[in-house]
Amino acid sequence: MRVLIRAVKHIYKQPLCNAASRERSIASSSEGSGLLQPRHEKLIFCSTAELSQGLGGNVEAIHGYRETERERWGVMCTAVLERLRTVAFPKGSTLLGPVHVLDLDKAGYIKPHIDSVKFCGTTIAGLSLLSDSIMRLVKEDDAAQWLDLLLPRRSLYILRDQARYKFTHEILRDEDSVFDGQRVPRQRRISVICRNLPS
């Protein structure tokens, strides 16, 4: 809870969605990608430029973790979650009630998976807290097509449509955490995840 409150204070100081200062080729094709203003200029590194342009705007096999779901939040946390939902989900979406909180150990990782269509709709949105990390998306039927998404701590990621249904997603192990040739050390990571319900 303290971690989320600190993130809330940070988020309130800057706009939740600010794609203007990022390169056009890195996932700003819709109404902003939903990421907070990052410390790193480049957030996406892909197998091809076409994949970056086509998938960037759309942007639980887990080891070493704890998780919980919460329905009730404090006033500040509720305000942040409301801003997240406004940015991430189509107007009128029915959201999955409890918010999923995942605490990933430094040595933990999330293996490649696609969330079940039985329990999750078109969109997944998550706040990444405590540590920078790398999310890798790989096309389910063509492993040569992949995309690495840099998730700076206190950033918001959104997976929707193609990214949600056609690509697996995973959080890389610390020892594999390299983005565009640069090492990105990963520590303990907490993610606060919202989903909409299947239609």
Side-chain angles (χ1 to χ4, degrees), residues 1-46 52 55-59 62 65 67 73 76-89 99-106 108-110 115 123-137 146-160 163-164 167 169-174 176-180 182-195:
M1 180 63 81
R2 290 178 190 166
V3 171
L4 186 55
I5 289 172
R6 282 197 294 270
V8 169
K9 290 177 180 175
H10 177 80
I11 288 168
Y12 264 109
K13 293 177 183 174
Q14 43 189 305
L16 186 62
C17 192
N18 183 355
S21 64
R22 294 197 298 273
E23 298 171 353
R24 273 290 172 215
S25 62
I26 56 167
S28 57
S29 64
S30 61
E31 298 174 315
S33 68
L35 290 166
L36 291 176
Q37 179 65 32
R39 297 191 311 278
H40 309 273
E41 184 176 336
K42 186 174 181 181
L43 296 177
I44 291 180
F45 182 61
C46 270
S52 175
L55 188 63
N58 296 326
V59 135
I62 312 170
Y65 73 101
E67 64 182 337
W73 297 83
M76 285 197 303
C77 295
T78 298
V80 169
L81 290 171
E82 281 305 311
R83 293 181 71 202
L84 180 159
R85 291 169 176 141
T86 299
V87 168
F89 297 97
V99 174
H100 187 197
V101 182
L102 182 64
D103 184 351
L104 195 63
D105 186 73
K106 174 180 168 58
Y109 58 97
I110 302 176
D115 291 341
T123 306
I124 302 165
L127 285 171
S128 296
L129 305 176
L130 292 184
S131 175
D132 297 350
S133 58
I134 299 170
M135 178 178 282
R136 176 164 292 161
L137 281 68
W146 55 267
L147 178 150
D148 281 352
L149 181 60
L150 179 63
L151 304 178
R153 68 190 184 99
R154 299 177 178 171
S155 66
L156 169 66
Y157 72 86
I158 300 169
L159 301 179
R160 60 168 67 96
R164 158 77 179 93
F167 287 73
H169 61 278
E170 61 186 295
I171 295 292
L172 299 185
R173 304 170 193 246
D174 176 52
D176 300 326
S177 190
V178 176
F179 181 81
D180 194 15
Q182 298 295 311
R183 177 88 169 98
V184 180
R186 217 207 71 215
Q187 306 297 323
R188 176 186 173 204
R189 173 182 183 260
I190 291 178
S191 50
V192 179
I193 305 164
C194 295
R195 300 177 171 98

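Atom NE2 of H169 sits about 13.0 Å away from atom CG of L147, to the nearest 0.5 Å. Once rounded to the nearest 0.5 Å, the distance linking CG of L130 with CZ of R153 reads 8.0 Å. If you take CG on D132 and OG on S177, they are separated by 8.5 Å, rounding to the nearest 0.5 Å. Between H100 atom NE2 and I124 atom CD1 the span is 11.5 Å, to the nearest 0.5 Å. From Y157, atom OH reaches atom CD1 of I171 across 6.5 Å, with rounding to the nearest 0.5 Å.
Residue V101 comes nearest to W73 through the heavy atom pair CG2-CH2, 3.7 Å, listed as atom of the first residue, atom of the second, then distance. Taking every heavy atom of both residues into account, Q187 and S131 meet most closely at N-OG, 2.8 Å. Counting all heavy atoms, side chain and backbone alike, Y109 lies closest to L104 at N-CD1, 3.6 Å. Across all non-hydrogen atoms, the minimal contact from R183 to D174 is NH1-O, 2.6 Å. Of all the heavy atoms in I193 and S191, the pair that sits closest is CD1-OG, 3.7 Å. Across L151 and M135, no two heavy atoms sit closer than the pair CD1-CB, 3.9 Å.
Checking side-chain atoms of R160 against main-chain N and O of F89 turns up no donor-acceptor pair under 3.5 Å.
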message: Working note: F179 + L149, criterion side-chain contact (heavy atoms from CB on, under 4.5 Å); need CA distance, chi angles, decisive distance, verdict.
response: CA-CA 8 Å; F179 181 81; L149 181 60; over 6 Å; no

task: Under the side-chain contact (heavy atoms from CB on, under 4.5 Å) rule, what do L137 and L159 come out as? Steps first, then yes or no, please.
output: CA-CA 10 Å; L137 281 68; L159 301 179; 4.0 Å; yes

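Using modelled atom types and a 3.5 Å distance limit, the side chains of R189 and S133 yield a donor-acceptor pair.
Remark: D105 engages A107 in a side-chain contact (heavy atoms from CB on, under 4.5 Å) (not counting sequence neighbours). Among residues two or more places apart in sequence or in another chain, the side-chain contact (heavy atoms from CB on, under 4.5 Å) test is passed with R136 by V138, D148, E170, L172.
Ionic pairing of D115 and R164 is not present here: no N-O contact between side-chain nitrogen and carboxylate oxygen is shorter than 4.0 angstrom.
Using a 4.5 Å heavy-atom threshold, the side chains of V192 and L84 count as separate.
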